[in-house]
Amino acid sequence: MPALALRDTKSDVWEPVGEENYYAVVDESSGFVLTDTSGYIMALCDKDGFSKTLVQGVTLEQKEQIVKEFEKDNVPQFKGKVILPV
């Protein structure tokens, strides 16, 4: 599922998302109420949490494998609130 390549600012000016890449695991502990109970959401985002791309329905086993791959490739984890596309 492609995400927005721009982010909305409080001044209503759309700006590009950051160039850096972080991965994030989105679940209900992230402050989201997930209506899809088929698994986790994995997202790539910038340093401010603006998502660039995401995948839904990731199982626990898939999530663990994806996290291992990100860690192997030195992609840092984003631990703040992820801003998902509308």
Side-chain angles (χ1 to χ4, degrees):
M1 172 183 234
L4 294 173
L6 300 171
R7 62 187 173 115
D8 189 11
T9 63
K10 290 181 171 66
S11 64
D12 290 329
V13 174
W14 289 85
E15 297 178 357
V17 297
E19 292 182 19
E20 58 284 329
N21 288 313
Y22 290 79
Y23 78 89
V25 178
V26 181
D27 59 17
E28 290 188 351
S29 69
S30 305
F32 293 98
V33 177
L34 302 179
T35 57
D36 180 0
T37 59
S38 63
Y40 297 89
I41 296 173
M42 299 290 298
L44 283 178
C45 60
D46 69 7
K47 66 179 177 59
D48 296 317
F50 288 95
S51 60
K52 299 177 180 191
T53 189
L54 57 92
V55 63
Q56 296 173 291
V58 177
T59 67
L60 177 61
E61 295 80 20
Q62 291 170 324
K63 176 193 80 140
E64 291 171 350
Q65 183 61 39
I66 293 168
V67 167
K68 283 181 188 177
E69 292 296 321
F70 281 134
E71 290 173 348
K72 183 176 87 176
D73 291 338
N74 296 317
V75 177
Q77 181 177 10
F78 182 79
K79 297 187 181 187
K81 183 177 178 185
V82 178
I83 300 158
L84 299 175
V86 178

Evaluate Met42 against Val67 for side-chain contact (heavy atoms from CB on, under 4.5 Å), listing each step before the verdict.
CA-CA 9 Å; Met42 299 290 298; Val67 167; 4.2 Å; yes

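Val25 and Tyr40 make their closest contact through CG1-CD2, 3.8 Å (heavy atoms, listed as atom of the first residue, atom of the second, distance). Minimum interatomic distance between Glu20 and Tyr22 (heavy atoms only, all atoms of both residues): CG-CE1, 3.5 Å. Taking both residues in full, the closest heavy atoms of Asn21 and Pro76 are given as O-CD, 3.6 Å, listed atom of the first, atom of the second, then distance. Taking every heavy atom of both residues into account, Cys45 and Ala24 meet most closely at SG-CB, 4.4 Å. Residue Glu19 comes nearest to Lys52 through the heavy atom pair O-NZ, 3.3 Å, listed as atom of the first residue, atom of the second, then distance.
Taking the six-membered ring for Trp and thresholds of 30 and 60 degrees, Phe70 and Tyr23 have nearly parallel ring planes, at less than 30 degrees apart.
Between Glu69 and Lys72, at least one side-chain N (NZ, or NE/NH1/NH2) sits under 4.0 Å from a carboxylate O, which counts as a salt bridge.
Side-chain atoms of Asp48 do not come within 3.5 Å of backbone N or O of Phe50 as any donor-acceptor pair.
Lys63 contributes atom NZ, which lies 13.0 Å from atom CD1 of Ile41 (distance to the nearest 0.5 angstrom).
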